Amino acid sequence: MSNKLFIGGLSWSTTDESLGKAFSAHGEVTEARVVMDRTTGRSRGFGFVTFASEEAARAAKAAMDNATIDGRNVRVDFATEKPAR
């Protein structure tokens, strides 16, 4: 398992700060990042939250999957590494 979560279905208005704040109730967040489109500078609708411990990540996944953040229901799952090209 991992201590990094994938968050899908984010609102265009969600920021790194608001994403981290939404998940901080479930443990120590070490990083929260909304992925932005390089050309438009707009959110791509997903992001990642990294916790200090795997236990906190598990608790956050259970509590936040299908929860509402900034008016949108989000999908939460454990992040997987990109395959090497």
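A quick note: this is a predicted structure, and the numbers were derived from the prediction, not measured. For the numbers below, each heavy atom of this structure counts, side chains included, while hydrogens, waters and symmetry mates do not.
- In this structure a side-chain-to-backbone donor-acceptor pair under 3.5 Å is missing from Asp37 to Arg42.
- Considering CD1 of Ile69 and NZ of Lys21, their distance stands at 12.5 Å, rounded to 0.5 Å.
- A donor-acceptor pair is defined here as one N or O able to donate and one able to accept, closer than 3.5 Å; such a pair exists between the side chain of Asn3 and the backbone of Phe51.
- Taking the ring centroids of Phe6 and Phe46, they lie under the 6.0 Å cut-off.
- Distance check: Glu54 CD to Lys61 NZ gives 12.5 Å after rounding to the nearest 0.5 Å.
- Within the model, atoms CH2 of Trp12 and CZ of Arg44 stand 9.5 Å from one another, a figure rounded to the nearest 0.5 Å.
- Nearest heavy-atom pair across Ala57 and Ser2 is CB-O, 3.9 Å.
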> Step by step, would you call Phe48 with Val34 a side-chain contact (heavy atoms from CB on, under 4.5 Å)?
Replying inline: CA-CA 7 Å; Phe48 297 93; Val34 175; over 6 Å; no

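- Closest approach of His26 and Ala63 over heavy atoms only: CE1-CB, 3.3 Å.
- The main-chain N or O of Ser11 is never found under 3.5 Å from a side-chain atom of Asp70 such that the two would form a donor-acceptor pair.
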>> Set out, in order, the CA-CA distance, both residues' side-chain angles and the distance that settles side-chain contact (heavy atoms from CB on, under 4.5 Å) for Val49 and Ile7, then state yes or no.
In response: CA-CA 7 Å; Val49 176; Ile7 320 304; 4.0 Å; yes

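- A side-chain contact (heavy atoms from CB on, under 4.5 Å) with Val74 is found for one member of Asn66, Leu19, Leu10 and no other, namely Leu10.
- Between the side chain of Thr30 and the backbone N or O of Ala52, no donor-acceptor pair lies under 3.5 Å.
- Residue Met64 is not grouped with residue Val35 when hydrophobic side chains (ILVMFWY) are merged at heavy-atom distances under 4.5 angstrom, including chains of intermediate members.
- Side chain of Thr15 to main chain of Ser18: a donor-acceptor pair is present (N/O by atom type, distance under 3.5 Å, no hydrogens or angles).
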